[in-house]
Chemist: 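Below you will find the structure I want to go over with you.
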Amino acid sequence: MAAEAKAPLLEEARRGATPAQTIGNIVVSIVGTGVLGLPFAFRTAGWLAGALGVAGAGAATFYCMLLLLECRDKLREQETEEDGEQHQRCCNYTYGDLGERCFGRIGRHFTEATIILSQTGGTVAYLVFIGQNVSSVFAAEDGHGPLTPATVVLALLLPVQAALSLVRSLSSLGQFSILADACTVLAVATVVKQDLQLLAARGEQPFQGRAAVEGLWGVAFAAGFAVFCFEGFCMTLALEASMADRSRFRSVLLQAIAGVTAVYVCFGACGYLAYGDATKDIITLNLPSTWSTAAVKVVLCIALALTFPVMMHPIHEIVEARLLAPGGWLRKRGGAVERAALHASRVAVLVALSAIACFVPAFGSFASFVGSTVCALLSFVLPALFHLRVVGHAAGAAQRAADWAILLFGLAFAAHGLYAAVLSRN
């Protein structure tokens with residue numbers, strides 16, 4: 001979920017990215033390991049409901065990205081009119097800046113808190129992913145369970161993660177993002193190969209025994225998982241600012257989102273059609289127990305472990321900003337005390353997230369919960385709310401109705417995700 005960390009091409013793109021480079025940045029920012037849980041979402045929803053949920057989430061995400069861009073453009077116009085000239089800051093609004101311009105300091109704090117919650121949910125989900133995949137490699141031969149529980153894997157991984165968390169330079173860590181993305185592509189390709197082999201063995205009736213719709217809330221579950229998979233929403237403004245020709249960004253964004261959505265639908269549907277009710281919440285756990293698939297899992301988890309400090313960076317930034325507040329105790333101490341306290345805060349946050357991950361029962365359900373709640377607020381509710389605040393008075397009735405529909409849908413979506421999580425605990 002570390003949007004900025006997952007766009008290693010962005011630094012180069014700031015000199016003026018071409019459309020092809022921007023598409024690459026968008027894809028790198030959006031696509032993460034969450035894609036490997038999509039077949040489980042299709043199993044829970046049904047192949048038709050899953051496809052509709054993912055397609056709807058993709059369309060709504062694209063629309064809300066456009067709302068953010070329109071808000072930024074309107075605020076830029078207002079500052080130009082007020083100051084008589086266009087400042088550089090107007091071109092580089094962050095999500096938090098929009099929150100502050102719309103609703104003051106409370107708006108900034110709420111927006112940044114939502115981003116942190118989303119980021120935290122993503123990091124916990126990735127820890128669960130690593131734990132389950134590594135423990136599956138050492139599964140007992142009798143099939144009654146793993147020899148190495150996921151909790152033990154996370155405990156053994158903790159010292160390594162703690163050491164890596166002390167590296168403060170993103171440029172030193174960002175190169176591992178490309179490695180993680182390459183490993184994700186390798187894992188996806190391995191899964192697709194296995195899917196096609198199983199579908200070929202089923203003959204001419206791949207849909208036989210596979211439900212089209214599983215229950216009333218199937219679409220909502222799949223949509224929630226898909227929202228979790230569209231990880232790079234907060235990168236919208238930065239990606240647009242990185243283009244040499246910003247007027248082309250909207251068409252480039254449409255191509256990227258449409259392509260990613262199509263891949264998500266195909267991957268999720270193929271996985272469910274291949275494995276049916278046996279589809280696990282992480283599709284790599286369905287792969288046969290061979291040395292090659294074990295190697296894919298291990299390499300994928302190593303890559304994720306190396307990029308995990310990059311994913312944690314936004315969380316560390318906000319925590320450390322609070323610790324280093326002007327006039328605070330650490331500011332007065334400075335020197336070695338300040339460095340030790342900052343290092344301790346990073347390790348403490350990492351330990352807390354690892355402990356939370358140990359109590360998460362399943363990757364798929366947790367990812368859908370995060371997508372349906374905080375990610376829904378971030379991707380749907382806040383953009384619609386900002387747009388109504390900034391542009392609403394000048395927009396037509398149809399535009400305002402669409403904004404209200406997105407806003408109410410996002411709130412209902414988040415409420416349902418929270419309700420489903422509470423219900424599943426009872």
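The residues of the chain are indexed from 1 along the displayed sequence.
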Chemist: Report the distance from atom CD1 of Ile26 to atom CZ of Phe230, rounding to the nearest 0.5 Å.
Modeler: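 Between atom CD1 of Ile26 and atom CZ of Phe230 there are 12.0 Å.
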Chemist: Please collect all side chain to side chain donor-acceptor pair (under 3.5 Å) contacts where either partner lies in residues 293-302, sequence neighbours excluded, each pair once.
Modeler: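 Those involving residues 293-302 are Ser136-Lys297, Thr290-Thr293.
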Chemist: Considering residues at least two apart in sequence or located in another chain, which fulfil the side-chain hydrogen bond (donor to acceptor under 3.5 Å, both in side chains) criterion with Asn133?
Modeler: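 Once residues adjacent in sequence are excluded, the partners of Asn133 under the side-chain hydrogen bond (donor to acceptor under 3.5 Å, both in side chains) criterion are Thr284.
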Chemist: Atom CD1 in Ile356, atom OG1 in Thr123: separation rounded to 0.5 Å?
Modeler: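 One gets 8.0 Å once the value is rounded to the nearest 0.5 Å.
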Chemist: Could you check whether Arg43 pairs with Glu214 (Lys NZ or Arg NE/NH1/NH2 to Asp/Glu carboxylate O, under 4.0 Å)?
Modeler: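 Answer for the salt bridge query: no.
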Chemist: Measure across Ala222 and Ala49 and return the closest heavy-atom pair with its distance rounded to 0.1 Å.
Modeler: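 The answer is CB-O, 4.4 Å.
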Chemist: Evaluate the side-chain proximity of Val191 to Leu287: yes if any heavy-atom separation is below 4.5 Å, no if none is.
Modeler: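 Side-chain contact under 4.5 Å: yes.
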Chemist: Using every non-hydrogen atom in the two residues, find where Phe413 and Gly371 come nearest and quote the distance to one decimal.
Modeler: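 It is CE2-O, 4.4 Å.
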Chemist: Phe409 vs Phe380 aromatic rings, parallel, tilted or perpendicular, using cut-offs 30° and 60°?
Modeler: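 Geometry flag for Phe380 against Phe409: tilted rings.
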Chemist: Between Val381 and Leu411, what is the shortest heavy-atom contact and its length?
Modeler: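 Taking Val381 first and Leu411 second, the nearest heavy atoms are CG2-N, 3.6 Å.
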Chemist: Check side chain to side chain contact (heavy atoms under 4.5 Å, CB included) between Tyr63 and all other residues, then give those that pass, not counting sequence neighbours.
Modeler: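 Only Leu67, Gln399, Ala402, Asp403, Ile406 meet the side chain to side chain contact (heavy atoms under 4.5 Å, CB included) criterion with Tyr63.
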Chemist: Is there any ring pair (Phe, Tyr, Trp, His ring centres under 6.0 Å) pair reaching into residues 23-59, and which pairs are they, with sequence neighbours excluded?
Modeler: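 Checked against ring pair (Phe, Tyr, Trp, His ring centres under 6.0 Å) - neighbours excluded - the pairs reaching residues 23-59 are Trp47-Phe207.
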Chemist: Using atom types as modelled and distance alone, determine if a side-chain donor or acceptor of Ser118 lies under 3.5 Å from a backbone N or O of Thr114.
Modeler: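 Checking the backbone N and O of Thr114 against the side chain of Ser118, no donor-acceptor pair under 3.5 Å is found.
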Chemist: Testing the basics here: between Val265 and Ala51, what is the closest heavy-atom pair and its distance to 0.1 Å?
Modeler: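 Nearest heavy atoms, Val265 then Ala51: CG1-CB, 3.9 Å.
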Chemist: Are Thr111 and Leu98 close enough that some pair of their side-chain heavy atoms sits under 4.5 Å apart?
Modeler: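 A side-chain contact is absent here, since even the closest heavy-atom pair is not under 4.5 Å.
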Chemist: Would you mind reporting whether Leu127 and Ser354 have side-chain heavy atoms less than 4.5 Å apart?
Modeler: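 Sidechains of Leu127 and Ser354: in contact.
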Chemist: If you measure from CD1 on Ile130 to CD on Gln161, what distance do you get to the nearest 0.5 Å?
Modeler: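 One finds 6.5 Å between CD1 of Ile130 and CD of Gln161.
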Chemist: Can you pull the ring pair (Phe, Tyr, Trp, His ring centres under 6.0 Å) pairs that have at least one residue in residues 96-117, sequence neighbours excluded?
Modeler: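 Listed by first then second residue: nothing to list.
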Chemist: Applying side-chain hydrogen bond (donor to acceptor under 3.5 Å, both in side chains), can you list everything that pairs with Glu70, at least two apart in sequence or on another chain?
Modeler: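 Partners of Glu70 under the side-chain hydrogen bond (donor to acceptor under 3.5 Å, both in side chains) test: His387.
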Chemist: Can you list everything that forms a side chain to side chain contact (heavy atoms under 4.5 Å, CB included) with Thr373? Sequence neighbours excluded, please.
Modeler: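 Expected list: Phe369, Leu418.
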Chemist: Assess the residue pair Val35 and Leu38 against the criterion (side-chain contact (heavy atoms from CB on, under 4.5 Å)); give the C-alpha distance rounded to whole Å, side-chain angles, the decisive distance to 0.1 Å, and a yes or no.
Modeler: CA-CA 5 Å; Val35 66; Leu38 278 172; 3.7 Å; yes
Chemist: Decide yes or no for Leu300 and Leu36: does some side-chain heavy atom of the first lie under 4.5 Å from some side-chain heavy atom of the second?
Modeler: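 Side chain of Leu300 against side chain of Leu36, heavy atoms only: contact under 4.5 Å found.
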Chemist: If the condition is side-chain hydrogen bond (donor to acceptor under 3.5 Å, both in side chains), which residues does Gln194 pass it with, not counting sequence neighbours?
Modeler: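 Once residues adjacent in sequence are excluded, Gln194 has no partner under the side-chain hydrogen bond (donor to acceptor under 3.5 Å, both in side chains) criterion.
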Chemist: Run the ring-ring contact (aromatic ring centres under 6.0 Å, His included) test against Tyr272 and tell me which residues pass, sequence neighbours left out.
Modeler: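 If we apply the ring-ring contact (aromatic ring centres under 6.0 Å, His included) test to Tyr272, skipping adjacent residues, there are no hits.
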Chemist: For Asp97 and Arg108: C-alpha separation, side-chain torsions, deciding distance, then whether salt bridge (Lys or Arg N to Asp or Glu O under 4.0 Å) applies.
Modeler: CA-CA 7 Å; Asp97 291 335; Arg108 173 180 287 277; 2.4 Å; yes
Chemist: Roughly how far, to the nearest 0.5 Å, is the OH atom of Tyr95 from the SG atom of Cys71?
Modeler: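 The SG atom of Cys71 sits 9.0 Å away from the OH atom of Tyr95.
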Chemist: State the SG-CG distance between Cys270 and Leu198, to the nearest 0.5 angstrom.
Modeler: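 Rounded to the nearest 0.5 Å, the SG-CG separation comes to 11.0 Å.
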Chemist: Identify, with sequence neighbours excluded, every residue that meets ring-ring contact (aromatic ring centres under 6.0 Å, His included) alongside Phe221.
Modeler: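 Phe221 satisfies ring-ring contact (aromatic ring centres under 6.0 Å, His included) with no other residue.
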Chemist: Kindly compute the distance separating OG1 (Thr236) from CG (Leu253), expressed to the nearest 0.5 Å.
Modeler: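 Rounded to the nearest 0.5 Å, the OG1-CG separation comes out at 6.5 Å.
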Chemist: Check Cys64 against Pro383 and note the closest heavy-atom contact, atom names and distance.
Modeler: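 For Cys64 and Pro383, the tightest heavy-atom pair comes out as O-CB, 3.8 Å.
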Chemist: Which residue pairs pass the side chain to side chain donor-acceptor pair (under 3.5 Å) test with at least one member in residues 249-267, sequence neighbours excluded?
Modeler: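 Output for this query lists Asp73-Arg250.
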Chemist: Just jot down the side chain to side chain contact (heavy atoms under 4.5 Å, CB included) partners of Leu408, sequence neighbours excluded, or say none.
Modeler: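 None.
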Chemist: Considering only heavy atoms from C-beta outward, does the side chain of Cys102 approach that of Val390 to under 4.5 Å?
Modeler: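 In contact.
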Chemist: Do Thr44 and Phe225 have side chains that get closer than 4.5 Å, going by heavy atoms?
Modeler: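 A side-chain contact is absent here, since even the closest heavy-atom pair is not under 4.5 Å.
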Chemist: Can you find a pair of side-chain heavy atoms, one from Cys358 and one from Leu154, that are under 4.5 Å apart?
Modeler: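 The answer is yes, as the side chains (C-beta and beyond) meet within the 4.5 Å cut-off.
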Chemist: Would you mind reporting whether Glu100 and Ile106 have side-chain heavy atoms less than 4.5 Å apart?
Modeler: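 A side-chain contact under 4.5 Å is absent here.
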Chemist: Minimum heavy-atom separation for Gly131 to Ser135, with atom names?
Modeler: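 It is O-OG, 2.9 Å.
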